[in-house]
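These numbers come from a predicted model, not from an experiment. What's counted below: heavy atoms across the whole structure, side chains too, no hydrogens, waters or symmetry copies.
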Amino acid sequence: RQARSVACRPHPYREGETLKSLAALLQEWRDDNHYTDSQAARRCKVSPQHWHAIINGELVDPRGSTLSKLSAGTGIALDRLIVVAHGVPA
């Protein structure tokens, strides 16, 4: 089955927004774009096991390189992912 070539809807950061966990943010992106976990992992260039660990909250301190891949694959701003994952502004 071929992956659909559809523009994904990124989640723009809005000032004053309540921050979600990284897992919740990525799950929302995946669901909004109708991806399976395997498709989402492939799009973000991470292994399915790595994606699963992030989505299930088992990986609570992802490396910068992982956040960069997630940003590139999802369209979610890297600075937003850093804030959500680490609780500090980029």
Inset, instruction - Check whether any side-chain heavy atom of Leu22 sits under 4.5 Å from a side-chain heavy atom of Leu67, and report yes or no. - result: yes
Legend entry - Donor-acceptor contact present, side-chain Ser68 to main-chain Gly64, <3.5 Å: yes
Legend entry - Reported CD-to-CG distance for the pair Glu28 and Asn33, which is rounded to 0.5 angstrom: 10.0 Å
Inset, instruction - Flag the pair Val84 / Ile76 as yes when at least one side-chain heavy-atom distance between them is below 4.5 Å, and no otherwise. - result: no
Inset, instruction - State, with a plain yes or no, whether a side-chain heavy atom of Leu78 is found less than 4.5 Å away from one of Ile82. - result: yes
Legend entry - Spatial distance of atom CG (Leu25) from atom CZ (Arg80) [nearest 0.5 Å]: 4.5 Å
Inset, instruction - Search all heavy atoms of Lys69 against all heavy atoms of Val46 and return the closest pair with its distance. - result: CD-CG1, 4.0 Å
Inset, instruction - Would you confirm whether Gln27, through its side chain, and Ile55, through its main-chain N or O, come within 3.5 Å as a donor-acceptor pair? - result: yes
Inset, instruction - Indicate the atoms forming the closest heavy-atom contact of Ala23 with Gly57, along with that distance. - result: CB-N, 4.4 Å
Legend entry - Gap between atom CZ of Arg30 and atom OG1 of Thr74 - 0.5 Å precision: 13.0 Å
Legend entry - Shortest non-hydrogen contact from Gly73 toward Trp29: O-CZ2, 3.6 Å
Legend entry - Heavy-atom closest pair, residues Trp51 and Cys44: CZ3-SG, 4.0 Å
Inset, instruction - Determine yes or no for a side-chain-to-main-chain donor-acceptor pair under 3.5 angstrom, with His86 supplying the side chain and Leu81 the backbone. - result: no
Inset, instruction - Enter the distance from Leu70:CG to Ile54:CD1 here, rounded to the nearest 0.5 Å. - result: 5.0 Å
Inset, instruction - Compare every heavy atom of Ser71 with every heavy atom of Ala77, then report the nearest pair and how far apart it is. - result: C-OG, 3.8 Å
